[in-house]
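The model shown is predicted, which means the values in this text are computed figures rather than measured ones. The basis for the numbers below is simple: all heavy atoms, side chains too, and nothing from hydrogens, waters or symmetry mates.
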Amino acid sequence: MTTLASGTDTLTRDALTVLQPGFTGTTAPDWLLRRLGEGLASVGLFGRNITSSGQLAALTAQLRAERDDVLVAIDEEGGDVTRLEVRTGSSFPGNHALGAVDDVQLTREVAHELGRRLAACGVNLNWAPSADVNSNPRNPVIGVRSFGADTDLAARHTAAYVTGLQSAGVAACTKHFPGHGDTAVDSHHALPRIDVPDDVLSDRELTPFRAAIAAGSRAVMSAHILVPALDPDRPATLSRRILTGLLRGELGYDGLIVTDGMEMRAIAGTYGIERGSVLAVAAGADAICVGGGLADDATVRRLRDALVTAVRAGELPEERLADAADRVRALARWASAAGRVPAETGGSEIGLRAARRALTVTAAPGLGSPETFEPLTEPPYVAALTPVANIAVGDETPWGVAAELVHLLPGTVTGSFSAAEGEESDAGAGESAGRAALQAAGPRRIVAVVRDEHRHPWMASALDTLLAARPDTIVVEMGVPQAAPRGALHIATHGAARVCGRAAAEVIAGL
């Protein structure tokens, strides 16, 4: 039987119910188990909480021993953003690679297999997929997390992903409403702003969310972005016009509305997490996501007390908080009913198959063609031109092709090169990195690995230096392939997941 809160009044229990906190460690701390007994209905997991699938299954079992209908959420997009495989890299290529293939059945199958693995570990809510249309190629936080820059493509793959994930009994949480693709600022650091008219928003940003709603997405995550055409005063997460008026009213969405992480600077740096959480629930949010950075009992108490105080002061209608809590419990009931783990369907290698199909391989003019490329037979030097990772991706997860080439061409050597802080826009810093890579490589054939070359002037300069001296250099682009292909062979993987590296390494080694 489900454990209900004991020793707490209805108002306090509802305030706990709408929180989705995180914690540190690989087992549930006592304070978290106690809060589950008092009414907390959701827990968010991050890479720090996971060491293996077996450990994760034991952790979720520990949570369910306290509350059997607990929502266990995770930010598992596959591709660059992975928590299940945070220390090895993902077995799934990510949205941009799936969009590059543009096979909706493949996207559905990949999402189903990802969902099956989550369900087998006891996770029943996934903060994915990203439905953002990556219309701004300089976007620093979405990029390969998006299916692409084409609205209709993003819409059909968002719907397929939602369908596949939920067919495995895991609730999808489509994000970041009303669309984070046309931003040049990362909301982890500041408040982005999208200045486009209503008709552009409706035709571009909202189309994938309409598709997700039609596909039955059980949750939608709000974005910490200011969209003046919709609300000139408050970011989407805190905007009643956007969450209640647009998402609930105009789009007819009736599922759970979850906020993006409230400790992100776009909210915490302007409103504070307590005030921000009250405004978010008042605006129409049902669940407050917190825990990526603030992950302790004190944070839960602060937010619980802020919500209770706001109700008692008349700033937050009690019925709005009760409605939010009811929606959380409704999703928990759905997840419990859908919780049977689907049998394995032979899809364990589907991520690698998808990554292989996503490759775009070209050769520089005058240097032959991919068909005439002679695979490497001797171990190369891999020069990884490494940008600063955004917070959503993190710097814990390995990327590149070196680890995979070591298996195929034993003796492969690698080095990482980057611009110093504050010199990312300095072409001179890139020239220095390129010269350092040439010196480190010696006589070995060079494989240069980049990530979003078009966004990093130093990286483009480093490639200029490498290719001027060594035109036989192979270039592997693991971000959004916006820069013109160059190198003796140019391989665009459309993502930096482990399987993307494997697929590229196979081409380089001729497999």
Side-chain angles (χ1 to χ4, degrees), residues 20 42 44 71 73-79 81 92 94-96 98-99 104 107-108 110-112 114-115 118 123-135 141-142 144-148 150-183 187 201-202 204-225 227 236-237 242-243 246-248 250-261 280 284-287 289 327-328 330-331 334-335 338 392:
Q20 290 190 347
S42 309
L71 284 169
I74 199 169
D75 195 3
E76 181 56 55
E77 299 177 13
V81 179
F92 303 93
N95 285 4
H96 203 60
L98 295 172
V104 291
T107 295
R108 193 175 298 114
V110 166
H112 175 86
L114 178 59
L118 290 172
V123 176
N124 54 15
L125 171 59
N126 191 11
W127 293 318
S130 167
D132 307 299
V133 179
N134 198 55
S135 54
V141 68
I142 302 301
V144 294
R145 302 168 65 197
S146 164
F147 289 109
D150 179 87
T151 298
D152 291 337
L153 179 144
R156 61 180 173 265
H157 286 278
T158 295
Y161 195 106
V162 167
T163 301
L165 187 66
Q166 295 188 165
S167 70
V170 175
C173 183
T174 306
K175 60 189 183 185
H176 306 80
F177 186 83
H180 208 314
D182 192 17
T183 59
S187 51
L201 289 167
S202 181
R204 186 180 66 188
E205 270 72 19
L206 297 183
T207 295
F209 289 97
R210 292 191 189 96
I213 292 168
S217 185
R218 293 285 166 175
V220 168
M221 178 176 283
S222 66
H224 303 330
I225 57 175
V227 188
T237 294
I242 293 174
L243 298 189
L246 176 58
L247 183 53
R248 290 271 187 238
E250 293 182 34
L251 300 187
Y253 178 65
D254 195 41
L256 190 76
I257 299 177
V258 183
T259 72
D260 207 344
D286 306 306
C289 177
R327 290 181 187 276
V328 173
L331 182 58
W334 177 89

Donor-acceptor pair, side chain of [X] and main chain of [Y], under 3.5 angstrom:
X	Y	answer
Arg248	Gly255	yes
Ser222	Ala236	no
Asn126	Glu76	yes

Distance (rounded to the nearest 0.5 Å) between [X] [atom1] and [Y] [atom2]:
X	Y	atom1	atom2	answer
Ile257	Asp254	CD1	CG	9.5 Å
Arg145	Glu77	CZ	CD	4.0 Å
His176	Thr259	NE2	OG1	11.0 Å
Phe177	Ile225	CZ	CD1	9.5 Å
Asn134	Asp150	CG	CG	12.0 Å
Thr237	Leu243	OG1	CG	6.5 Å

* Asked: Can you find a heavy atom in the side chain of Ser135 that is under 4.5 Å from one in the side chain of Glu205?
  -> yes

* Asked: Taking C-beta and beyond as the side chain, do Pro178 and Val227 meet within less than 4.5 Å on heavy atoms?
  -> yes

Shortest non-hydrogen contact from [X] to [Y]?
X	Y	answer
Gly148	Leu153	N-CD2, 4.3 Å
Thr163	Ala215	OG1-CB, 4.0 Å
Ala211	Ala155	CB-O, 3.4 Å
Leu256	Ala287	CD2-CB, 4.3 Å
Gly181	Asp132	N-CB, 3.8 Å
Asp286	Val328	O-CG2, 3.5 Å

* Can Leu98 and Phe92 be said to form a side-chain contact (heavy atoms from CB on, under 4.5 Å), step by step? -> CA-CA 10 Å; Leu98 295 172; Phe92 303 93; over 6 Å; no

* **Contacts of type side-chain contact (heavy atoms from CB on, under 4.5 Å), residue Ala73, not counting sequence neighbours** => Leu125, Trp127

* Check the pair Asn95, His157 against side-chain contact (heavy atoms from CB on, under 4.5 Å), reporting the backbone distance first and the verdict last. => CA-CA 8 Å; Asn95 285 4; His157 286 278; over 6 Å; no

* To do: Might you work through the side-chain contact (heavy atoms from CB on, under 4.5 Å) test for Lys175 and Asp75, ending with a clear yes or no?
  => CA-CA 11 Å; Lys175 60 189 183 185; Asp75 195 3; 2.9 Å; yes

* To do: Can you sort out the partners of Tyr161 under ring pair (Phe, Tyr, Trp, His ring centres under 6.0 Å), two or more places apart, ordered by chain and number?
  => none

* **Residue among Thr174, Leu247, Leu206 satisfying side chain to side chain contact (heavy atoms under 4.5 Å, CB included) with Ile213** => Leu247

* Modelled atom types, side-chain donor and acceptor of Arg210 and Thr158, under 3.5 Å -> no

